[in-house]
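Sequential numbering from 1 along the given sequence is applied to the chain's residues. All figures in this text were calculated on a predicted structure; none of them were measured in a lab. All heavy atoms count here, side chains included; hydrogens, waters and symmetry mates do not.
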Amino acid sequence: MYVCSCFGVTEQQVKKHVEGGACTPRQIASACKAGTDCGSCVRRIQAILGRGACPRRDFVEQGGSVLSDLDEAA
């Protein structure tokens with residue numbers, strides 16, 4: 001099934017990028033351009049990403065701050 005009609009990206013391709021470590025729509029876009037044209041597929045990409053394994057997400061759920069470098073600079 002196609003996720004991104006603009007670039008012909010399938011759900012399987014997105015899942016392959018997720019298995020390769022992509023855990024945000026921006027990382028998926030960098031890998032295959034999905035979501036970079038009309039944007040109508042971004043919600044579908046977010047749904048595929050769901051609550052999968054993402055090191056940064058795990059860090060935040062444990063109370064860490066991904067903005068800690070910015071917090072320290074202020």
Side-chain angles (χ1 to χ4, degrees):
M1 174 176 166
Y2 284 101
V3 172
C4 176
S5 300
C6 297
F7 293 104
V9 179
T10 65
E11 185 172 340
Q12 290 297 71
Q13 289 172 301
V14 171
K15 288 180 180 179
K16 182 179 176 185
H17 292 301
V18 170
E19 290 171 5
C23 59
T24 66
R26 183 169 288 182
Q27 291 171 336
I28 297 294
S30 293
C32 62
K33 294 187 179 181
T36 62
D37 194 26
C38 77
S40 66
C41 61
V42 174
R43 287 185 187 258
R44 179 68 181 136
I45 292 168
Q46 289 171 327
I48 292 170
L49 292 170
R51 303 273 310 158
C54 178
R56 191 174 314 163
R57 184 180 299 129
D58 292 342
F59 177 71
V60 171
E61 288 175 352
Q62 293 173 5
S65 172
V66 294
L67 302 176
S68 61
D69 294 337
L70 296 176
D71 293 341
E72 293 171 6

- Message: When you compare the side chains of S30 and Q27, does any donor N or O come within less than 3.5 Å of an acceptor on the partner?
- Response: no
- Task: Determine the minimum heavy-atom distance between G35 and I45, stating which atoms define it.
- Result: N-CD1, 4.3 Å
- Calculate, to the nearest 0.5 Å, the distance between atoms OH and CD belonging to Y2 and Q12 respectively. 12.5 Å
- Message: Could you report the tightest heavy-atom contact between K33 and T36, atom names first, then the distance?
- Response: O-OG1, 2.6 Å
- Query: In terms of hydrophobic clustering (I, L, V, M, F, W, Y; side-chain heavy atoms under 4.5 Å; direct or indirect links), are F7 and V3 co-clustered?
  - Reply: yes
- How many angstroms lie between atom CG of D37 and atom OG of S5, to the nearest 0.5 angstrom? 10.5 Å
- Task: Check whether any side-chain heavy atom of I48 lies under 4.5 Å from a side-chain heavy atom of I28, and answer yes or no.
- Result: no
- Task: With rounding to the nearest 0.5 Å, note down the distance linking SG in C41 to CD in Q46.
- Result: 10.0 Å
- Task: Quick one: closest heavy-atom pair of A22 and L49, and the distance?
- Result: O-CD2, 4.0 Å
- Between A31 and H17, what is the shortest heavy-atom contact and its length? CB-ND1, 3.5 Å
- Hey, does R44 have a side-chain heavy atom less than 4.5 Å from the side chain of E11? yes
